[in-house]
Amino acid sequence: MENNKWYKEMCVYHIWTRSFCDGNGDGIGDLWGVLSKLDYIESLGANAIWFSPIYPSPNADFGYDISDYKNIHPDYGDLDIFRELLEAAHERGMRVFLDLVMNHSSDEHPWFLESRKSRDNPYHDYYYWRPAKYIRGRRIPPNNWTSHFEGEAWEYDEQLDEYYLHLFAKKQPDLNMDNPRVREEFKEIMRFWLDMGVDGFREDVVTFIAKTPGLPNAYPRLPAVNGLKHFSNLPKVHDYLMEFRKDVLDHYDCFTVGESPITTADTALRYITEGPNQVLDEMIAFSHMEADCILTDMVPRPFSLHKLKRAMSEWQYKLADKAWNALYLENHDHARVISRYGSERYRVESGKMLAAMYMLQRGTPFIYQGQEIGMTNLRLPKVELYPDVSTQNAARIASHLLPRSAVLKLIQRGARDNARSPMQWSAEPYAGFSTVEPWFTVNENYREVNVAAQEDDPDSLLNFYRKLVRFRRDNPVVLYGDYREHDPKNKKLYVYERSYGAARLLVVCSFTAEQLRFDAPEGFSLDRSLQVLGNYEMNFVIANGFTTRPYELRVYLME
Ligand code: GLC
Ligand code: CA
C-alpha cells in the first residue's frame, strides 16, 4: 500500500451549515458565516471541509432531500459566494468536499415532478414507480419493505394509481440507478462541481443505490428497515461506482468517502481496497457508533467499552495494509459523544480522552462542528421541539411501547438534533451564532461552553484539539504506524499502540471515573519514553504503570 496520497495526511472539518454561523442575521447559518470562520477552521489545523448538503432543498430532511443539484440553497447563499468560499479555502491550502446524495432526490425535484405526470413520461423511470396491487379490492403496496424514516417504504399516487419507493422520508423518493440516464445525470453533476474546483464528495448512503431486480418481498419480516438485504450492498453498487470512477473521478485529483450504514469492514473492503477494483477512497463505518445502542441510536443499551474497542480494532486490523480508514466520533446524525461515551461531569477530561482515542488511530480524522469545544446534548422539555423527521418517526414508534416520559428520555438521549443546535461561539446572546433568535434552540450551557472562552485558555479542549491535529500531522508514527490493541478484555481501559520503524506510541484511555491501576505492556518502558499528550498535570509513573484519574488520557512516545 502506498502512503503517497494527500488524503492520508488530511484532517477534515465537517460543517452542517444551518447551525454553524449566521452571516446575514436571519437566524440561519450560511456561507457568509462559514467564510468569516475560515481562519478559525484553519487554526484548528484542519485542511479540508466537508459540507453536509447546501443545495436547494425543501428541508424535509434538512438538505438531504435535494431539489436542485447544481445550485446553492438561498438560505445559505448562492453560487457566487460559494465560489468565493472555495477560492478562499484553496488559498489556505484547504480542500472542499460536498455531500452528494444519489440514492434519492426531493419529491420537489423537477425530475420527480415530471416522473409523476404520467406512466409514459420520459422521467417516469428515473424513480421506482410500481403499480398498486389489489387483493379482494384492498390496495396494497408493491412489496413489504419499510422506510428508515416514515413507515412503509411506498407512497401511493392517486392519479397514476402507482406507488413510488422511498427508503427514507416520503419526500425523498429513491432514484432508479439502473436507468443509465440517471447515472449520466450524476456524472454531469459531479463534473459541474469538480470543474468549479470542488475537491471531492462524501457520498450519502451510497451502499443503497442498487436494489434487487423485481423488488421482492423480504422475509422474515422485520419490525424496522425490512428489506435491507434487497437494497444494501448489492453487487451493482460496485459496478455503478466503478462507472463513476472511470468516466468522471479518474479525470480529476479528487477524494471520495462513502457512507455505509450497517456495513462490515469486510464488505467495505470490496469498495476501498487499494488497487484496480477500488471505487471509493474511504468508507464511513457505523459499528463503533453502536457501543451504547442496538443498530440505531434509538434502541439504547448501556455503554460498552468492549463493543467500542471491538468495532474500532476490527476496522483498524482489517484495513491495515489494504485500505484507509475514515475516523470520526461525531457528525450530524448522532448525539454528542461526550454525552454518550464520555461524561458530562468530566466534560473536558473525557472530551480530550475521546479526541485522542480516535484521532491517534490510522486513518483520516473528521471533526464535526462543536465537537472541538465539547458541546453536549440538548435536553428539550417536549418531543415536539425536536425538528428532525427521523426523531419524530422514532418518537411515534416508541409511543406505542413506552409512556410519554420514557419517550422523551429516549429522544433526549438519542436524537440527531442533539448535534444540530447552533454552534457556540461566545457567551453573547444566542451564543454569538446569530444576532437574532436562531432557527433552533441554543444549548443553555453556551455561557460556559463556547469558542471565545476556550481560545486563550491553554488547557481548553479547543487548544487540545489544535495540539492533537498538529501532533498527528508531524508524526509519521501516527500517520502511518501499525496499530495493535493491548488488553482487549479490559472493560474500563482502552490501550493501543502504534509503531513505525523504531518509534512506538502508547495510547492509554480510561473510560471511567474510577481509579484503576494501569501497567504498561511488556517491552514498553514509560520511564524511557516521553509523555507527549495527556489531560492532567503531574503525571507520576510508579513501577512502569500508574493509577488512573477520571477519564485519564496519557500518550507516550518511545524512540
Ligand atoms: C444519511 C445522512 C442523513 C440523512 C440520510 C438520508 O444517513 O447522513 O443525515 O438523513 O442519509 O439522506
Ligand atoms: Ca443567515
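Both ligands and their constituent atoms are indexed starting at 1 by order of listing.
No more than 12 heavy-atom neighbours from other residues, nucleotides or ligands sit within 6.0 angstrom of CD on Glu444.
Residues Phe168 and His104 place their aromatic rings such that the two centres sit under 6.0 Å apart. For His73 and Phe62, the distance between ring centers is not under 6.0 angstrom. Residues Phe186 and Tyr69 place their aromatic rings such that the two centres sit under 6.0 Å apart. Residues Tyr368 and Trp50 keep their aromatic ring centres 6.0 Å or farther apart.
In this structure, CZ in Arg340 is found 5.0 Å from SG in Cys293, a value given to the nearest 0.5 Å.
Counting all heavy atoms, side chain and backbone alike, Gln369 lies closest to Ile15 at OE1-CA, 3.3 Å.
Just one of Glu330, Glu344, Glu372 meets the salt bridge (charged side-chain N to carboxylate O under 4.0 Å, His left out) condition when paired with Arg336; it is Glu330.
Of the possible polar contacts, one joining the Asp78 side chain to the Ile81 backbone as a donor-acceptor pair under 3.5 Å is found.
Shown here are the protein N/O/S atoms lying under 3.0 Å from the Ca ion (ligand 2), water excluded: Asp22 OD1, Asn24 OD1, Asp26 OD1, Ile28 O, Asp30 OD2.
Sorted by chain and number, the heavy-atom contacts of ligand 1 below 4.0 Å come from Asp61, Tyr64, His104, Phe149, Phe168, Gln172, Arg202, Asp204, Val205, Glu259, His332, Asp333, Arg416, Arg420.
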